[in-house]
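Encoded as structure tokens, the structure appears first; notes follow it.
Because the structure is predicted, anything quoted here is derived from the model rather than measured. Note on naming: letters A, B, ... go to the chains in the order of the sequence lines (proteins, then strands), and numbering restarts at 1 for each one.
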There are 2 protein chains.
Amino acid sequence: MNNEQNKIPQATAKRLPLYYRFINNLHHQGKLRVSSKELSEAVKVDSATIRRDFSYFGALGKKGYGYNVEYLLSFFRKTLDQDEVTKVALIGVGNLGTAFLHYNFMKNNNTKIEMAFDADPNKLGSDIGGVPVYHVDDLEDHLKNTAVAILTVPSTEAQGITERLVDAGVSGILNFTPARISVPDHIRVHHIDLSVELQSLVYFLKHYPLEEEAGD
Amino acid sequence: MNNEQNKIPQATAKRLPLYYRFINNLHHQGKLRVSSKELSEAVKVDSATIRRDFSYFGALGKKGYGYNVEYLLSFFRKTLDQDEVTKVALIGVGNLGTAFLHYNFMKNNNTKIEMAFDADPNKLGSDIGGVPVYHVDDLEDHLKNTAVAILTVPSTEAQGITERLVDAGVSGILNFTPARISVPDHIRVHHIDLSVELQSLVYFLKHYPLEEEAGD
DNA sequence: AATAAGTCGTGATTTTATTCACATTCTTTT
DNA sequence: AAAAGAATGTGAATAAAATCACGACTTATT
């Protein structure tokens with residue numbers, strides 16, 4: 001864990017799970033080898049970028065041949081710690097939270113939502129998507145060895161809940177609320193802001209016109 | 001529209017909706033002025049980056065004073081075309097799709113989901129979150145002047161639906177499926193890959209340890 | 001009125017990420 | 001066994017983004 005290979009660029013690290021999924025697909029399709037060019041077409045990342053990304057882990061391929069799918073898969077499985085399950089808690093069983101509970105994150109994945117919390121007493125005890133729902137007041141009682149929390153509460157609650165999560169030992173938060181939460185330096189937060197995504201797509205459409213008609 | 005200010009960096013463009021939202025908040029709180037430093041603390045973006053971002057639009061602030069909230073707000077409203085509503089269609093009324101229909105994107109927003117589509121006949125006619133649901137077979141009949149589509153279908157369907165959307169004149173797609181879809185050059189796609197986000201957060205936690213204890 | 005404090009806008013620098021382009025090596029074909 | 005073709009890995013170049021650091025101007029204070 002946290003090896004001295006700290007040199008892997010963040011942009012590369014963000015692409016690793018994507019590569020992993022597609023390599024997995026190839027493996028299921030029975031493909032034995034793959035070139036950076038083929039992979040590029042599948043994941044929509046420039047082939048030179050893929051080769052560069054892979055090269056941070058050493059020479060995974062063979063010149064003139066490409067990459068062995070099986071080898072690549074086992075390498076990425078190891079690198080992404082796919083054999084070790086990371087426990088995740090979800091806070092806020094609203095529409096979005098419920099969707100995630102039903103979403104099967106475990107497919108090709110080393111993460112498992114083990115419990116959920118909500119402030120609404122009507123939601124207690126129910127097992128949404130096989131995940132037990134507890135009252136948010138009891139957060140601290142249930143969160144043990146939970147490394148990651150998915151935050152899908154109303155944005156007014158975001159900061160308060162965050163502080164409790166941090167105190168309870170969570171070290172990573174996937175924040176789906178529009179609030180930008182404050183955390184101590186040792187906590188990592190990734191923001192996914194749905195309306196910003198939509199708005200920025202609209203902005204790009206209006207201000208960054210792409211080639212008109214090109215026929216794929 | 002698509003002015004000659006094509007020079008705005010993409011990274012800046014992605015942050016604009018975020019700035020807009022926070023400036024809006026400040027305005028509602030009755031604040032009259034704000035400095036890049038204050039804004040920085042709120043949106044968690046370095047203050048120099050904020051000043052640089054704003055500077056692409058000219059001199060919006062005043063030295064020694066900061067930015068006038070009202071002016072900033074009206075400037076961003078104009079820049080982000082907040083007065084013109086962009087029509088959005090949602091394809092795939094599963095758990096995630098339903099969550100978006102309930103989510104009120106219109107708050108602080110110039111986008112409106114006007115219709116939804118699903119392949120399940122049981123979902124037809126229902127008005128989820130005030131949005132009518134049509135059968136996906138009738139996609140082409142209803143999509144008129146719809147610029148943007150949100151894709152929340154099973155990943156096996158993603159490419160096929162995408163092609164129909166493109167033929168029907170959609171020019172931007174917000175893709176929530178794990179599939180990387182292929183589109184002609186003049187179509188813009190933003191991918192939001194939920195399990196990649198979760199996995200990459202986990203990867204960062206394990207491999208990029210942050211300062212141990214800092215006590216914010 | 002003079003001084004101090006605050007804050008922008010930006011040239012310069014640094015950092016991060018992407019892409020080019022090719023020598024090298026492996027595979028396949030003849 | 002030689003030649004042709006394919007594809008890696010990477011030094012070098014380029015591009016994009018973030019950050020530093022400070023002159024210039026504004027506001028607040030004495």
* Asked: When you look at CD of Glu41(B), are more than 12 heavy atoms from neighbouring residues, nucleotides or ligands closer to it than 6.0 Å?
  -> yes
* Atom CZ of Phe54(B) and atom P of dT10(C): how far apart are they, to the nearest Å? -> 14 Å
* Between C1' of dA7(D) and NZ of Lys37(A), the distance in whole Å -> 10 Å
* **Phosphate contact (dT27(C) OP1 or OP2) by Lys62(A) side-chain N/O below 4.0 Å** => yes
* To do: Calculate the interatomic distance between Lys7(A) atom NZ and dA17(C) atom P; express it in whole Å.
  => 15 Å
* Mind calculating the distance between CG (Asn68(A)) and C1' (dA6(D)) to the nearest angstrom? => 17 Å
* Euclidean distance, atom CG of residue Leu72(B) to atom P of dC8(C) [Å, nearest integer] -> 11 Å
* **Whichever of Ala11(A) and Glu38(B) has its nearest DNA chain C nucleotide further upstream toward 5'** => Glu38(B)
* Counting just side-chain N and O atoms, does Arg52(B) come under 4.0 Å of either OP1 or OP2 of dA21(D)? -> no
* Asked: Going through the checks in order, is the ring pair (Phe, Tyr, Trp, His ring centres under 6.0 Å) test met by Phe76(A) and Phe54(A)?
  -> CA-CA 10 Å; Phe76(A) 274 93; Phe54(A) 286 9; 5.4 Å; yes
* Donor-acceptor under 3.5 Å (Arg21(A) side chain, Pro178(B) main chain) -> yes
* Which one, dT8(D), dT27(D), dG9(C), comes nearest to the side chain of Tyr65(B)? -> dT27(D)
* Asked: For Gln10(A) and dA17(C), what is the distance between atoms CD and P respectively, to the nearest whole Å?
  -> 6 Å
* Less than 6.0 Å separating the ring centroids of Phe176(B) and His191(B)? -> no
* To do: Please state whether the phosphate of dC26(C), meaning OP1 or OP2, lies under 4.0 angstrom from any side-chain nitrogen or oxygen of Tyr67(A).
  => no
* Side chain of Ala48(A): nearest nucleotide among dT19(C), dA7(D), dC20(D)? -> dT19(C)
* To do: Go through Ile8(A) and His207(B) one step at a time and tell me if the side-chain contact (heavy atoms from CB on, under 4.5 Å) criterion holds.
  => CA-CA 9 Å; Ile8(A) 291 164; His207(B) 298 264; over 6 Å; no
* Structure fact -> DNA chain D nearest-nucleotide lookup for Gly61(A) and Gly64(A): closer to the 5′ end is Gly64(A)
* Distance check: side-chain N/O of Thr49(B) vs OP1/OP2 of dT19(D), anything under 4.0 Å? -> yes
* Let me know the distance between CG of Asp46(B) and C1' of dA17(D), rounded to the nearest Å. => 12 Å
* Below 4.0 angstrom from OP1 or OP2 of dA7(D), is there any side-chain N or O of Ser36(A)? -> no
* Asked: Taking atom P of dT19(C) as reference, at what distance in whole Å does atom CG of Asp53(A) sit?
  -> 11 Å
* Asked: Has Arg51(B) got a side-chain N or O lying under 4.0 Å from the OP1 or OP2 atom of dA21(D)?
  -> no
